[in-house]
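Please read the structure below before turning to the comments.
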Amino acid sequence: MRTQIIPKIKELASLLQDQLVEWRNHLHRWPELSFKEQKTSAFIQQILDQYGIVYKSGFAQYGIVGTLHGHQNEKRVIALRADMDALPIQEKNNCSYSSQNEGVMHACGHDVHMTWLLGALIILQQMKTQWGGTVKFIFQPGEEKLPGGASIMIAEGALENPRPDVIIGQHVQPGMDVGVVGLKAGQFMASCDELYIDILGKGGHAALAHLCIDPIKIASQVVIALQNLVDEEKKENQPIVLSIGKINSLGGATNVIPDQVRLEGTFRCLDESFREHMHSRIRKAIESICEKHGASASILIDLGYPSLINDENSTNQAKTFAMQYLGHENVEHLGTRMTSEDFAYYSQKVPAIFYRTGIGKEVSVHNPNFDIDERCLPVGAGLMAYLAMQLQVDLRD
């Protein structure tokens, strides 16, 4: 194995530190929402052009796919992916790189993911003579919004010509020290579906409630019934998330019972057959309560991302390589997470490795105060480059 290349990678990553900070700050300052990443894509293309890295653009509107080729004898194809979109969050940080786009913020670290991938590509470009095979790279729009940019890019051929043997994704991890990473082989992240439930009753004067079919009262029973359903299924040791995050009445006032109430929520699990089973149970529970009260329900279960499964062999290899690069004490075993990621679509098509890299700050993602310790930038870039080089050799051969 080429462990002797580690000092050179770390040297190049360290030399890139100021450039990586500059790129990340620019991306953070000018975030764009899902499937609107036009300027973000143009900025990335400008950097790729500057370093002579070949690519094609226009996937899922603003996605970018390209390849690098090493000069040694390996024949494998390793894909590297970074997501590009930001969230509809108003940033509260007050710093030189705070978001300049009102109500939009890179609060999930995608600015960091793009910077890590750019750094990795430059390191790989500068060390072409010391690795072989092909590195395919994917800058992907729309991770934060259904149907997910990954599914669209796959449909548009992003995984073809050449098809990867392994695909790698790297995600920021708040609360984890800089220089530390976490991996888990096998089942890693949950599927994610969105629930939209409209309960249709009969409105009227609140003082004449006996003449009404109160959708608010029915909606309250639905919420409790769904939580009871979760408790029943959890007894079978099935990890589940079923949460109603939003309730709105269409109409209504202090003395007016509305005709309609909308519930919106999320359902997450780790097993695809169980996922289908729960969809049926959710529908039946809602319909039963509505029928009992003379109401009706319109139920949309909007299928989201599947569960993310890391390839056992490839992830265990990556864990070994991460220990070589960072030291054994800086590689952690992570548990299964009920969060979701559209990287899961890639994991359904080719062997996948999705891991999390420490950013040295405690504030969680999707928070208006989210930020990073910039020292994580060369760490993530260097590690991704090293994994891409080392995984060119299939240890099963």
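If you're wondering where the values come from, they're calculated on a predicted model, not measured in any experiment.
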Report task. Give, for atom CD1 of Ile257 and atom CD1 of Ile213, the distance between the pair rounded to the nearest 0.5 Å. Result -> 10.5 Å
Query raised in the report: Any donor and acceptor pair, going by atom type alone, linking the side chain of Ser98 with main-chain N or O of Asn93 inside 3.5 Å?
Result: yes
Query - Any donor-acceptor N/O pair, Arg283 side chain to Ile299 backbone, under 3.5 Å - result: yes
Query - Pro31 side chain near Ser99 side chain, heavy-atom distance below 4.5 Å - result: yes
**Report entry** Tyr345 side chain to Gln140 side chain, donor-acceptor N/O pair below 3.5 angstrom
**Finding:** no
Query raised in the report: Does the Asn367 side chain pair with the main chain of Val363, one donor and one acceptor, at a distance under 3.5 Å?
Result: no
Requested in this report: May I ask you to check whether Ser298 and Asp198 show a side-chain donor-acceptor distance below 3.5 Å?
Outcome: no
Query raised in the report: Other than Trp30, what residues sit in its cluster of Ile, Leu, Val, Met, Phe, Trp and Tyr side chains whose heavy atoms are under 4.5 Å apart, directly or through others?
Result: none
Query raised in the report: Shared ILVMFWY cluster between Val241 and Leu226, side chains joined below 4.5 angstrom?
Result: no
Query raised in the report: What's the verdict on side chain to side chain contact (heavy atoms under 4.5 Å, CB included) for Val180 and Val331, showing C-alpha distance, side-chain angles and the deciding distance?
Result: CA-CA 6 Å; Val180 177; Val331 178; over 6 Å; no
Query raised in the report: Could you give all pairs that pass the salt bridge (Lys or Arg N to Asp or Glu O under 4.0 Å) test and reach residues 90-116, with sequence neighbours left out?
Result: Arg24-Asp111
**Report entry** Approximate separation, where rounding is to 0.5 Å, of Leu124 CG and Leu12 CG
**Finding:** 10.0 Å
Query raised in the report: Taking C-beta and beyond as the side chain, do Ile197 and Ile286 meet within less than 4.5 Å on heavy atoms?
Result: yes
Report summary line: Value for CD1 (Ile309) from CD (Glu272), rounded to nearest 0.5 Å, stands at 7.5 Å
Query raised in the report: Are Ile152 and Tyr55 joined in one hydrophobic group, where the rule is that I, L, V, M, F, W and Y side chains link up if heavy atoms are under 4.5 Å apart?
Result: no
Query raised in the report: Among side-chain atoms of Thr320 and Gln324, is any donor-acceptor pair under 3.5 angstrom?
Result: no
Query - Under the ring-ring contact (aromatic ring centres under 6.0 Å, His included) test, residues paired with Phe35 that sit two or more places apart - result: none
**Report entry** Separation between CZ of Phe354 and CZ of Phe343, rounded to the nearest 0.5 Å
**Finding:** 6.5 Å
Query raised in the report: Does Glu341 pair with Arg81 as a salt bridge, N-O distance under 4.0 Å?
Result: yes
Report task. Decide, yes or no, whether a salt bridge links Lys39 with Glu37 under the criterion of side-chain N to carboxylate O below 4.0 Å. Result -> no
Query raised in the report: CD of Gln227 to CD1 of Ile244: how many Å apart, nearest 0.5 Å?
Result: 7.5 Å
Requested in this report: Determine yes or no for a side-chain-to-main-chain donor-acceptor pair under 3.5 angstrom, with Asp85 supplying the side chain and Glu143 the backbone.
Outcome: yes
Query raised in the report: With side chains defined as the heavy atoms from C-beta onward, is the minimum distance between Leu208 and His210 less than 4.5 Å?
Result: yes
Query raised in the report: Does some side-chain heavy atom of Pro215 sit less than 4.5 Å from a side-chain heavy atom of Ser249?
Result: no
Report summary line: For Met153 and Pro141, the nearest pair of non-hydrogen atoms, with its separation, is SD-CD, 3.8 Å
Query raised in the report: Which atom pair, heavy atoms only, marks the closest approach of Ala107 to Leu87?
Result: CB-CD1, 4.0 Å
**Report entry** Neighbour count above 12 (heavy atom, 6.0 Å) for Lys128 NZ
**Finding:** yes
Query raised in the report: Is there side-chain contact between Gln19 and Leu118, with at least one heavy-atom pair below 4.5 Å?
Result: no
Query raised in the report: Does Ser273 have any side-chain hydrogen bond (donor to acceptor under 3.5 Å, both in side chains) partners at least two apart in sequence or in another chain, and if so, which?
Result: Asp271
Query raised in the report: Just by modelled atom types, is the Tyr62 backbone N or O under 3.5 Å from a matching donor or acceptor in the Ser41 side chain?
Result: yes
Query - Which atom of Leu48 lies closest to which atom of Phe137, heavy atoms considered - result: CD1-CE1, 3.9 Å
Query raised in the report: Side chains of Tyr325 and Gln390: do they bring a donor and an acceptor to under 3.5 Å?
Result: no
**Report entry** Modelled atom types, side-chain donor and acceptor of Glu194 and Tyr196, under 3.5 Å
**Finding:** yes
Query - side chain to side chain contact (heavy atoms under 4.5 Å, CB included) between His28 and His106, intermediate numbers included - result: CA-CA 6 Å; His28 192 89; His106 271 299; 3.8 Å; yes
Query raised in the report: Under the side chain to side chain contact (heavy atoms under 4.5 Å, CB included) criterion, do Val21 and Leu377 qualify, and how do the steps go?
Result: CA-CA 7 Å; Val21 170; Leu377 297 174; 3.9 Å; yes
Query raised in the report: Phe274 vs Phe267 aromatic rings, parallel, tilted or perpendicular, using cut-offs 30° and 60°?
Result: tilted
Query raised in the report: Between Thr134 and His69, do the side chains contain an N or O donor and an N or O acceptor separated by less than 3.5 Å?
Result: yes
**Report entry** Cluster link Leu391 to Trp116, ILVMFWY, side chain under 4.5 Å
**Finding:** yes
Query - Side-chain touch Val178/Ile359, heavy atoms, less than 4.5 angstrom - result: no
Query - Joint hydrophobic cluster, Ile199 plus Ile301, side-chain heavy atoms closer than 4.5 Å - result: yes
Query raised in the report: Any side-chain donor-acceptor pair under 3.5 Å between Thr40 and Glu32?
Result: yes
Requested in this report: Share the residues that join Leu33 in a hydrophobic cluster, the rule being Ile, Leu, Val, Met, Phe, Trp or Tyr side chains under 4.5 Å apart at the heavy-atom level.
Outcome: Val104
Query - Charged N-O contact under 4.0 Å between Asp193 and Arg275 - result: yes
Query raised in the report: Distance from Ile122 atom CD1 to Tyr51 atom OH, nearest 0.5 Å?
Result: 4.0 Å
Query raised in the report: Any side-chain heavy atom of Leu326 sitting closer than 4.5 Å to one from Leu383?
Result: yes
Donor-acceptor pairs under 3.5 angstrom involving side-chain atoms of residues 155-174: please list them, not counting sequence neighbours.
residue : atom : partner : partner atom : Å
Glu156  : OE1  : Ala60   : N            : 2.7
Glu160  : OE2  : Arg163  : NH1          : 2.5
Arg163  : NH2  : Lys349  : O            : 3.0
Asp165  : OD2  : Val77   : N            : 2.8
Gln170  : OE1  : Tyr355  : OH           : 3.4
Gln170  : OE1  : Thr357  : OG1          : 2.7
Gln170  : NE2  : Gly380  : O            : 3.3
His171  : ND1  : Arg356  : NH2          : 3.2
Gln173  : OE1  : Arg356  : NE           : 2.4

Requested in this report: With the side chain counted from C-beta on, respond yes when Phe59 and Ile64 share a heavy-atom pair under 4.5 Å apart, and no when they do not.
Outcome: no
